[in-house]
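What follows is one structure encoded as structure tokens, with my remarks underneath.
Just follow the structure's listing: the first ligand is 1, and inside any ligand the first atom is 1. Just so you know, residue 1 is the first one in the sequence shown, and it goes up from there. Note that the structure is a prediction, hence the values are computed from the model and not measured.
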Amino acid sequence: MIILSIESSCDETAVAIVKDGSQILSNIVVSQIDTFVAYGGVIPEIAARSHLEAILPALHQAFQDANLLTQNAAEADWSQIDAIAVTHTPGLLGSLLIGTLTARTLAILHNKPLYPVHHLKSHIYAAWLSSPKKITFPVLALIVSGGHTQIVHMSSHNSFEIIGTTRDDAVGECYDKVAKILGLPYPGGPSIAQAANGEISQAQSGPTALTKSQKPITTHPGDPNKYPLPIPQIAELDFSFSGLKTAVLRAVQKELNLPISFPSHQLAFKLSPQQIADFAASFQHTATKILLKKLQSALQNHPANSLVIAGGVSANQDLRAEANKLFPSSPSLFFPEPKFSGDNAAMVGTAAFYEIQSGVQPTDPLKLNISPRSAIS
Ligand code: KG4
Ligand code: ZN
């Protein structure tokens, strides 16, 4: 079964063509990061307009890369496509609107069944793209993205139970906010990971912004034990990350001997590259510890054959290394390939494939709803 899938929930316009849930015929991701580096974060109205500009060229490119153009190579060969899948929730409303309107129109125009897919299901299913046969149920999935931090139990395909969730910020959001405190560029996750390795880039927005041509400064890799940060004691399997962000802020103020009234956006000017590397490493390591401690607790009452760690933050090398140490063999640990950790449409095609296998019926394109928030179910 060949599925054309579309993802536009945040700031990536993505189109993929995936065969039988794991064979990627094409995978186009048009990222808006370059636009938003200048703002230090996503501006929803600009994201929606950028999706509008990118979606049709991305669609054409997806058919071209998959060798699915008609003989004169001018048009997409829709006869090869069995179904269309699209992210319909959660996400930015304007961004979701562009992807879903495109998918609905194409479904009507080419008379194809349409499958709306939950974004977090897609993140989990990114792991099946790389290991389609090896992942066995029950599965415990830790979703770590910019908007969500959840532990989800799966007893079979398309059966999801949320057993833990964040009570405030998501871990990716925390990475992004801590990066701002340290004067590191958007998106915060990759720039904190680099800073922890001793490569300090500087923000291209806000008061700490320098010119674009500024090269990263290199220093010694950060010491993850230099600044001890607290592990939140949240009951059950829930997370909290807003306190960790404030703990970094307080630790920076203390290190610099500055009062809490000192403007937080000017703190980064006062830190040396080595201090930034040490703060980045200490924060990254604490975030990793919080995530893995909860995953380990979750396993006590929810035994699993397989663990999946997915979502944008799952690209993080410290998280991958520590998880591999903690779960060396049983249960088996799976990550998506790093290029499928962040938002992409191939994972949407995979999630839709397993939904269809589980008997999910297509949605009437005229009735497809979008929603900025909704729980995986
Ligand atoms: O899943 P994703 O691409 O989008 C959402 O669905 O939110 O996740 C984006 C998040 C951002 O907060 C970004 O800073 C974080 O993933 N991220 C990382 C890394 N790469 C991206 N966090 C830590 N380490 C990374 N290497
Ligand atoms: Zn995502």
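Only the side chain of His123 comes within 4.0 Å of ligand 1, judged by heavy-atom distances. Counting heavy atoms under 4.0 Å from ligand 1, residue Asp176 touches it through the side chain alone. Under 4.0 angstrom from ligand 1, the non-hydrogen atoms of His119 all belong to its side chain.
Residue Cys10 does not count as close to the Zn ion (ligand 2), with no N, O or S atom under 2.8 Å. Coordination check, His148 versus the Zn ion (ligand 2): failed, since every N/O/S atom of the residue sits at 2.8 Å or beyond.
Residue contacts with ligand 1 include Pro190, since one of its heavy atoms falls under 4.0 Å from the ligand.
In this structure, Phe283 has its ring center under 6.0 Å from that of Tyr175. Between Phe36 and Tyr186, the ring center distance fails the sub-6.0 Å criterion. The aromatic ring centroids of Trp78 and Phe63 lie less than 6.0 Å from each other.
Side chain to side chain, Tyr115 and Glu355 fail the donor-acceptor criterion of an N or O pair below 3.5 Å.
Gln233 contributes a side-chain N or O that, together with a main-chain N or O of Ile231, makes up a donor-acceptor pair within less than 3.5 Å.
Asp343 contributes OD1 as its N, O or S atom closest to the Zn ion (ligand 2).
Ionic pairing of Glu53 and Arg49 is not present here: no N-O contact between side-chain nitrogen and carboxylate oxygen is shorter than 4.0 angstrom.
Here the shortest heavy-atom distance to atom 18 (C) of ligand 1, taken over Ala126, Pro90, Gly189, belongs to Gly189.
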